[in-house]
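Report on the following structure.
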Amino acid sequence: MKLVMGVDLETEVELSPAAKSEVAVFSPYSSPSTALLLQRRVVAWSKETGSPATVRVLLGDRSFDLHKDPLVSKCKYFSEASASLQSGNDDVELPASFPGVCEAFEAIALFCYGDAVALDPFNVAAVRCAAEFLGVAGLGARCDLYINQVVLQSWDDALIVLQRCQPLLPVAEELLIVSRCVESLAFMACMEILDPEEQRRDLQPGAGAATRALVGRRWDAELVKELAARDLWIKDLVALPFDFFKRIVQALRRQGMKEKYVSPVVLFYANKWVLSKKTHKFWATTDEAVDGETDANRRAAAILEGVIGLLPAESAAVAAGGAIPVAFYFALLSRSLTLELSDESRTKLREQVASNLQFARVDDLPLPEEETDRSIADSREVRAMESIVSNHAASVQRKGAEAVSELWDRYLVQFAGDPKLRPERLAELIGVIPAGDRKTHNHLYEAINTYLVEHRGLSGEEKATLCGHLDCRKLSHEACIQAVQNERMPLRLIVQALFVQQLHTHRAFTECSDSFRCTHSGELVPGAGGGYTPSPGCPAIPTSQPLSSSSPYDSHRGPRDAKLRARDDASDYETASFRIQALEQEIISLKQTLKRHNTLKGSASARREREGKEPSFRVAADAGTPAIIKRRATVSGSCIGSMRWGSQRRCASRILRVFARLAVFGRGCRGGSRASAAQQQSNQIARRTVEV
């Protein structure tokens, strides 16, 4: 038989089922169990001293048979109760306020019997609080030393101790166990962010990257939970009770962590405990809930009020650089409509939503998820948004009025097709935004048109009332065209849209004309003296360049461009030479024809003179004809002189136009000496033609 300190280790001590379950929950590190060690120690003490266990300690539904002397010598609580023990009352019942579970008392009882207590993160908080309550000398200091040197140096141990402090309040708070764990966790979280090795996680989705991935997307609670699980330290903090989580967030800010890292932690916590439908369903179906749905909403409301208090102020949110997506505020707003919040929390949340209206998207704004007998416009979601937007429009320091007005018009489009929507209610919602805040009426026109499509039985007066909010001058050109062709619109609006469309067309033509004049001002006004002043919308041209001038970019061109210019010049020169040669051939042909004609007329007159006949009156008259012909031939020996006056003008004009084109063509050529030769040749042809 094996004996250790006088105790028979082979003696089996049977534990009650309650003790077994409690030991299993309390500390997985205890081996063998504290209850088994205590019972063996009591048996050994009885054998050593020969005195039985005369004191029965009652704690909850369990009882412990112990000896009086060890308890009185080590515990102040039992020392004060020694008077009742001497009177013959052997039962001592610990009050309900006793901190810790039965294993904590078992550890203290072992300490009173002189054995060492095995401390670990799972039992140190309970043992410390129980030792303080019973007044055990020496054990409290040993627990504090273990906490400072072991627990607070490890993230996991500090987290375990903090979670174990939840049922030990307020004693654990008075002993500074909670505050020490909170400050240690906050410090290690800051070191996690500042660690250079951890900063390499930028390639992985961390807290900041996770929230940036949510920007511009509809809120999805399950997706956010997946993103939060990628950072283990955030996942651990999110699992804490809200009171401890709140203190850690405050400690993070107090120790200097940037808001862009703190705000996502608050976001992930609210998403898990307030916005997640799975959490709500779990709370509603748990055995602890008396009325499942009501209890779940009550717990969510308490956490939501705390989260609203942790949200950064407007200036801090701006400094955080968008660490919290705008959709998060609207998701909280939508959830708050189903919960009973205090007026202060509800007002603060709506102020946060109003400050982010200018950055919101229409998908962020809440709409009822279930269909009811009422119109969507009369739902609590739409009425809440109506109140927020109305307060924002009436605010003196409002920001982004144009963006908010466009957002509101897009929001109206979402439910304008509701068959239950009344025209006066739609007009009331349209009037939430002041008329001057709307820069464009395109989305407002879309909302009204959608309403008219679904409500074809409206009277002309109701249509006129709704369309009276539209200003055709703030419609785009495409919207005006659609309004003119829309048969559902009142005639007055169609006429206004048609007039505005004409103004748009006239303005477009004017801008095109001004742009053309600005672009080609150098071509239209080649002289330096007649400067052209462009309209204010057109860019000024510093210097007008005539057509014959060379391009200012020629000097920047390379050898390849020079070869291309030489090839073009050669082609232009060959074309000009061909035209000049054809014109010369035509002039030579005309001169030969005139010469033959004059020769034939001269020979006929000479033959008549050689015959010497007396001419009659008619003959005399004919005899005078050659003189006249000679005079005419002498005066006008050219091809033009033999034509009628109208033909002469047409021929001269045509030849002059040909010469003018050749002259301009010659000036525009950049072919060097060959272009100059073509110019001289054309000038000589012109002079010869004038002489002829």
Would you give the length of the straight line joining atom CG of D236 to atom CG of D231, rounded to the nearest 0.5 angstrom? 10.5 Å
Donor-acceptor pair, side chain of N123 and main chain of D120, under 3.5 angstrom: yes
Taking S342's backbone N and O only, do any of them form a donor-acceptor pair with S345's side chain (distance below 3.5 Å, no angle check)? no
For the ring pair F242 and W273, is the centre-to-centre distance below 6.0 Å? no
Can you confirm whether M385 sits close enough to L357 that some side-chain heavy atom of one is under 4.5 Å from a side-chain heavy atom of the other? yes
Is the side chain of Q153 donor-acceptor paired with the backbone N or O of N148 at a distance under 3.5 Å, no angle test? yes
Please name all residues satisfying side chain to side chain contact (heavy atoms under 4.5 Å, CB included) with A384, sequence neighbours left out, ordered by chain then number. L337, R350
Okay, side chain of H392, backbone of K399: is any donor-acceptor separation there less than 3.5 Å? yes
Criterion side chain to side chain contact (heavy atoms under 4.5 Å, CB included) against L71, the qualifying member of L66, I108, V92: L66
side-chain hydrogen bond (donor to acceptor under 3.5 Å, both in side chains), that's the test. Do S390 and E386 meet it? Break it down for me. CA-CA 6 Å; S390 178; E386 179 185 5; over 6 Å; no
Does a side-chain N-to-carboxylate-O contact under 4.0 Å join D243 and K246? no
Where the side chain of S154 meets the backbone of V150, is there a donor-acceptor pair that is under 3.5 Å apart? no
Residue set satisfying ring pair (Phe, Tyr, Trp, His ring centres under 6.0 Å) with Y77, at least two apart, ordered chain then number -> F133
Got a sec, which residues hit ring pair (Phe, Tyr, Trp, His ring centres under 6.0 Å) with F111, two or more places apart in sequence or on another chain? none
Can you tell whether the side chains of R254 and E183 come within less than 4.0 Å, N to carboxylate O? yes
Taking E259 first and then R253, would you say they form a salt bridge - that is, a charged N and a carboxylate O separated by under 4.0 Å? yes
Less than 4.0 Å between a side-chain N and a carboxylate O, is that true for R361 and D364? yes
Spell out, as yes or no, whether a donor-acceptor pair under 3.5 Å connects the side chain of S336 to the backbone of L333. yes
Any carboxylate oxygen within less than 4.0 angstrom of a Lys/Arg side-chain nitrogen, looking at E344 and K348? no
Okay, side chain of Y269, backbone of I234: is any donor-acceptor separation there less than 3.5 Å? no
Is Q352 reaching over with its side chain to a backbone N or O of P312, donor-acceptor style, under 3.5 angstrom? yes
Give a yes or no answer on whether the side chain of S73 reaches the backbone of P70 with a donor-acceptor pair at less than 3.5 Å. yes
With no hydrogens and no angle check, is any side-chain donor or acceptor of R41 less than 3.5 Å from a backbone partner on L37? no
